[in-house]
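Notes for the one structure printed next.
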Amino acid sequence: MITIKEYVAPVSLEEAYKILMSGKTNLILGGFGFIKMGSRAVNKAIDLCNLSLDYITETTDEILIGAETSLRTLEINEIIRNYCGGAISEGVSNIVGVQFRNMAKVGASVFSRYGFSDLLPSLLVLDAKVRLYKGGIMDLEEFLEKDFERDILVEVILPKKKGMAVYDCIRKSTGDFPIINGAIFRGEDGQYKIAIGSRPQRAKLAVKAAKALEDGENIETVVDIIPEELHFGTNVRGSKEYREDMSKALVSRMYCKVGA
Ligand SMILES: Cc1cc2nc3c(=O)[nH]c(=O)nc-3n(C[C@H](O)[C@H](O)[C@H](O)COP(=O)(O)OP(=O)(O)OC[C@H]3O[C@@H](n4cnc5c(N)ncnc54)[C@H](O)[C@@H]3O)c2cc1C
């Protein structure tokens with residue numbers, strides 16, 4: 001069971017961060033979907049609802065997604081759907097159901113760096129950055145490798161890339177956690193990016209495999225690089241060996257879909 005002693009809704013990020021750091025059992029609230037699955041005693045639950053972080057906007061070079069944006073908004077928003085083939089929207093559309101996605105937030109989903117995330121592979125291949133209140137702006141790739149530090153994720157920043165991205169996954173049934181998932185990006189300039197998630201560790205870029213595609217290697221050769229380059233493991237959803245095999249099928253499938 002989860003217990004919360006005090007609910008607070010600060011009016012500035014500075015105040016929210018101060019409250020967060022003022023006690024080990026204080027935490028930021030997203031949509032409360034994952035927190036409520038656990039068992040802990042929370043002192044102060046910090047709601048970011050007064051900070052105007054529910055937005056998707058664009059500048060000349062970037063798309064900005066506020067931390068309080070719901071996964072459902074990410075799925076149906078026209079800017080995101082039209083961005084590089086809509087891989088981000090496609091990825092999150094697999095998560096549980098519409099009611100759940102209406103509640104779950106982008107900031108919580110990215111900051112938590114879940115291994116099973118259906119959002120992270122697409123963000124990785126699209127060179128997303130995160131803006132943290134204390135940590136500042138950093139590449140998502142770097143953020144995913146870093147040791148955990150308490151902070152507030154303020155927004156996700158997408159560069160306006162020219163190209164096409166595809167997300168795909170293998171799951172036992174709709175709404176279940178993915179056994180393996182991934183995304184591929186093909187730039188108009190011939191650049192490739194491949195990310196594999198649910199290994200079951202969190203999503204990671206397959207740099208050597210992407211380079212091989214750029215160098216003109218055929219896809220049958222490239223997929224063999226994936227299990228050599230990335231580490232796969234076993235959990236209740238699938239074995240290491242199964243994931244290694246499926247990573248090849250997944251990348252082949254995405255490669256065909258990305259219009260190569
Ligand atoms: C039953 C279930 C099934 C799921 N299946 C999938 C799935 O198949 N694929 C998938 O990708 N995801 C899945 N998820 C995860 C889901 O998509 C969300 O990522 C998750 O629920 C967190 O979002 P939330 O808004 O509910 O966050 P919360 O539960 O409110 O918070 C989660 C964590 O994030 C922290 N947090 C919240 N906001 C911020 C912020 N702005 N900055 C820093 N820290 C913050 C909180 O303190 C907490 O530690 C599933 C979740 C559940 C509960």
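In each ligand, atom 1 is the first atom listed, and ligand 1 is the first ligand listed.
Considering only non-hydrogen atoms, atom 14 (N) of ligand 1 lies nearest to Phe116 out of Phe34, Phe116, Tyr114. Here atom 16 (C) of ligand 1 lies nearest to Phe100 when heavy atoms of Phe111, Phe100, Tyr133 are compared. Closest heavy-atom approach to atom 23 (O) of ligand 1 within the set Ala108, Gly115, Ser112: this belongs to Ala108. Remark: among candidates Ile46, Ile28, Asp151, Asp47, the nearest residue to atom 45 (C) of ligand 1 is Ile28, based on non-hydrogen atoms.
Among protein heavy atoms, the minimum distance from atom 1 (C) of ligand 1 is reached at Met37 CE, 4.0 Å. Here the protein heavy atom with the shortest distance to atom 26 (O) of ligand 1 is Gly33 N, 2.7 Å. Of the protein's heavy atoms, Phe177 CE2, 3.3 Å lies nearest to atom 5 (N) of ligand 1. Given atom 41 (N) of ligand 1, the protein heavy atom at minimum distance is Leu153 O, 3.1 Å.
Scanning both residues, Asp176 and Arg237, for their nearest heavy atoms gives OD1-NE, 3.9 Å. Here the shortest heavy-atom pairing between Ile170 and Arg253 reads CG1-NH2, 4.1 Å. Between Ile152 and Leu20, the closest heavy-atom pair is CG1-CD2, 4.1 Å.
Some N or O of Ile35 is nearer than 3.5 Å to an N or O of ligand 1, by distance alone. Taking distance alone, with nitrogen or oxygen atoms compared against 3.5 Å, Arg40 stays at or beyond that limit from ligand 1. The shortest N or O to N or O distance between Phe32 and ligand 1 is under 3.5 Å. Ligand 1 has no N or O atom lying under 3.5 Å from any N or O atom of Gly107, backbone or side chain. Checking only distances, Gly30 does come within under 3.5 Å of ligand 1, N or O to N or O. The distance criterion of under 3.5 Å between nitrogen or oxygen atoms is met by Gly31 with respect to ligand 1.
Ligand 1 has at least one atom lying under 4.0 Å from a heavy atom of Asp176. Heavy atoms of Asn94 stay at 4.0 angstrom or farther from ligand 1.
Residue-ligand proximity, Leu48 to ligand 1, at heavy-atom distances under 4.0 Å covers atoms 41 (N). The atoms of ligand 1 that sit less than 4.0 Å from any heavy atom of Ile152 are 42 (N), 43 (C). Proximity to Val96 (heavy-atom distance under 4.0 Å) selects the following atoms of ligand 1: 3 (C), 4 (C), 5 (N). Listed by number with element, the atoms of ligand 1 under 4.0 angstrom from any heavy atom of Ser117 are 11 (O). Counting atoms of ligand 1 from 1 in the listed order, those under 4.0 Å from a heavy atom of Ser109 are 18 (C), 19 (O), 23 (O). For ligand 1 and Pro178, the ligand atoms under 4.0 Å from any heavy atom of the residue are 8 (O). Under a 4.0 Å criterion applied to the non-hydrogen atoms of Asp118, ligand 1 contributes the atoms 7 (C), 8 (O), 9 (N), 10 (C), 11 (O). Those atoms of ligand 1 that come under 4.0 Å of a heavy atom in Arg171, given as number and element, are 7 (C), 8 (O).
When side chains are defined from C-beta on, Arg171 counts as touching Asp118, because their heavy atoms get closer than 4.5 Å. Contact of the Leu144 side chain with the Lys204 side chain is not registered, since no non-hydrogen atoms from C-beta on lie closer than 4.5 Å.
Tested against Leu140 for a side chain to side chain contact (heavy atoms under 4.5 Å, CB included), the candidates Leu205, Val156, Val130 yield a single pass: Val130. Only one option out of Asp139, Leu123, Leu158 pairs with Lys129 in a side chain to side chain contact (heavy atoms under 4.5 Å, CB included); it is Asp139.
Residue Lys134 qualifies as open at atom NZ: its count of foreign heavy atoms under 6.0 Å is 12 or below.
Ring planes of Phe111 and Phe148: perpendicular class, angle over 60° (limits at 30 and 60°).
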Full working for side-chain hydrogen bond (donor to acceptor under 3.5 Å, both in side chains) between Arg150 and Asn26 | CA-CA 10 Å; Arg150 296 177 87 202; Asn26 298 344; over 6 Å; no
Mind running side chain to side chain contact (heavy atoms under 4.5 Å, CB included) on Met138 and Leu132 for me, showing each step along the way?
-> CA-CA 8 Å; Met138 73 179 76; Leu132 302 165; 3.7 Å; yes
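Put simply, atom 49 (O) of ligand 1 has no protein non-hydrogen atoms near it, under 4.0 Å away.
Taking Val98 as the reference, Arg72, Arg101, Asn102 meet the side-chain contact (heavy atoms from CB on, under 4.5 Å) condition, with sequence neighbours excluded.
The aromatic ring centres of Phe232 and Tyr242 sit 6.0 Å or more apart.
Within the structure, no pair that satisfies the salt bridge (Lys or Arg N to Asp or Glu O under 4.0 Å) test touches residues 22-50, not counting sequence neighbours.
Taking the charged nitrogens against the carboxylate oxygens, Lys240 and Glu244 do have a contact shorter than 4.0 Å, which makes a salt bridge.
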